[in-house]
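In what follows, every chain begins at residue 1, and chains take the letters A, B, ... in the order their sequences are listed.
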Number of protein chains: 2
Amino acid sequence: MNAKNGRIASCDCNLIHKETVEYVAGKMPADENLYDLAELFKVFGDTTRIKILCALTEAEMCVCDIAALLNMSQSSISHQLRILKQARLVRYRRDGKVVYYSIDDEHVKQIFDQGLIHLNEK
Amino acid sequence: MNAKNGRIASCDCNLIHKETVEYVAGKMPADENLYDLAELFKVFGDTTRIKILCALTEAEMCVCDIAALLNMSQSSISHQLRILKQARLVRYRRDGKVVYYSIDDEHVKQIFDQGLIHLNEK
DNA sequence: TTTATATATGAACAATTGTTCATATGTTAT
DNA sequence: ATAACATATGAACAATTGTTCATATATAAA
């Protein structure tokens, strides 16, 4: 990047492992991909959304079901479902007045499980 | 516009799939586990921390290296490393004045990869 | 000791985020 | 048509969060 004169603007250190930094810089994915990845995990990073995803891995549910299950307002659930929808983690189908949500990605469970494995390791 | 009798407090719907809700309720992990899981993904849900984790999967680096690589302040990186440390995602070793950080969990890469798989689909 | 350097951390601030409230939209029944 | 109901959504608010700034701590060298 800007490691030109042995000194870098944003870092007030003199000692830098130049080769390491350059090596890793060459290995880093594009900023855009890392941004998208962080955005994805941000979606998983809320208790309400985690609960919704967890519930939907068990069964297709309507908004009202989820609100009842989690003892939360319909509005709150609906707002969160929108975020999950935008992240393509859930899909929906409308049947009359009722909208049913379900998991839209087989990897949701796997991401879940990896997280649980980490937590259960200690 | 609120009915007040004989309904679930948090949900203003009349139509609930009672069996579904009860079935899923029986399958849900403990709230505490879901909270911890959300907290874990929250750590992954920041661009700076994702970049740090990504960098450390390639090589052990000191704080200054990371700051230089990401063109960010030492303070900012140090703050984020503390969060990663608390989540047991990175470990460190001190060598004189320099503190070297590295990945502390083999599953970090797998969580990463599952996220990337989701993003690269569709 | 004093100085320099690498890292850590508390406080303040701006930016983001989740919930609530009120209301809008879409569908079914009357 | 109107009413009832399931869901969606904009605005406001409080709570959380990431960065900056200033400073503290830890280690090494002079």
When the side chains of residues 24-43 of chain A are checked against the rest of the protein, which donor-acceptor pairs come out under 3.5 Å, sequence neighbours left out?
residue : atom : partner : partner atom : Å
A/D31   : OD2  : B/K51   : NZ           : 3.3
A/E39   : OE2  : A/K42   : NZ           : 3.1

Should [X] be listed as having a side-chain N or O under 4.0 Å from OP1 or OP2 of [N]?
| X | N | answer |
| --- | --- | --- |
| B/R49 | D/dG18 | yes |
| A/K42 | C/dT16 | no |
| A/R82 | D/dT9 | yes |

Nucleotide [N], atom [atom2] - distance to [atom1] of [X] in whole Å:
| X | N | atom1 | atom2 | result |
| --- | --- | --- | --- | --- |
| A/L81 | D/dA8 | CG | C1' | 10 Å |
| B/L84 | D/dT17 | CG | C1' | 14 Å |
| A/E39 | C/dA15 | CD | C1' | 14 Å |
| A/F44 | C/dT17 | CZ | C1' | 18 Å |
| B/I52 | D/dG18 | CD1 | P | 11 Å |
| A/I77 | C/dG18 | CD1 | P | 13 Å |
| A/I83 | D/dA8 | CD1 | P | 13 Å |
| B/R93 | C/dA6 | CZ | C1' | 14 Å |

Exercise. Decide yes or no for B/I16 and B/V21: does some side-chain heavy atom of the first lie under 4.5 Å from some side-chain heavy atom of the second?
Key: yes
Quiz item: Taking the side chain as C-beta and beyond, is there a heavy-atom pair between A/L69 and A/D65 under 4.5 Å?
Solution: no
Self-check item: B/Y23 side chain to B/H17 side chain, donor-acceptor N/O pair below 3.5 angstrom
Solution: no
Exercise. Return each pair, listed once, that meets ring-ring contact (aromatic ring centres under 6.0 Å, His included) where at least one residue sits in residues 53-77 of chain B; pairs must be two or more places apart or across chains.
Key: none
Exercise. Mind jotting down which residue pairs meet the ring-ring contact (aromatic ring centres under 6.0 Å, His included) criterion with at least one end in residues 71-95 of chain B? Sequence neighbours excluded, please.
Key: B/Y92-B/Y101
Quiz item: Hey, does A/Y101 reach any base, or is it just sugar-phosphate, or nothing, if we go heavy atoms under 4.0 Å?
Solution: sugar-phosphate
Exercise. Mind checking ring pair (Phe, Tyr, Trp, His ring centres under 6.0 Å) for A/F112 and listing every partner two or more places apart, or none if nothing turns up?
Key: none
Self-check item: Heavy-atom protein contacts under 4.0 Å, nucleotides 19-30 of chain D, coded B base, S sugar-phosphate only, - none
Solution: SBBB----BS--
Quiz item: Going by an N to O cut-off under 4.0 Å, is there a salt bridge joining B/R88 and A/E121?
Solution: no
Quiz item: Between the axis at one end of the helix from C/dT1-D/dA30 to C/dT30-D/dA1 and the axis at the other (five pairs apiece), what's the angle to 10 degrees?
Solution: 10°
Quiz item: When rounded to the nearest 0.5 angstrom, what is the spacing between CD1 in A/I111 and CG in A/D105?
Solution: 6.5 Å
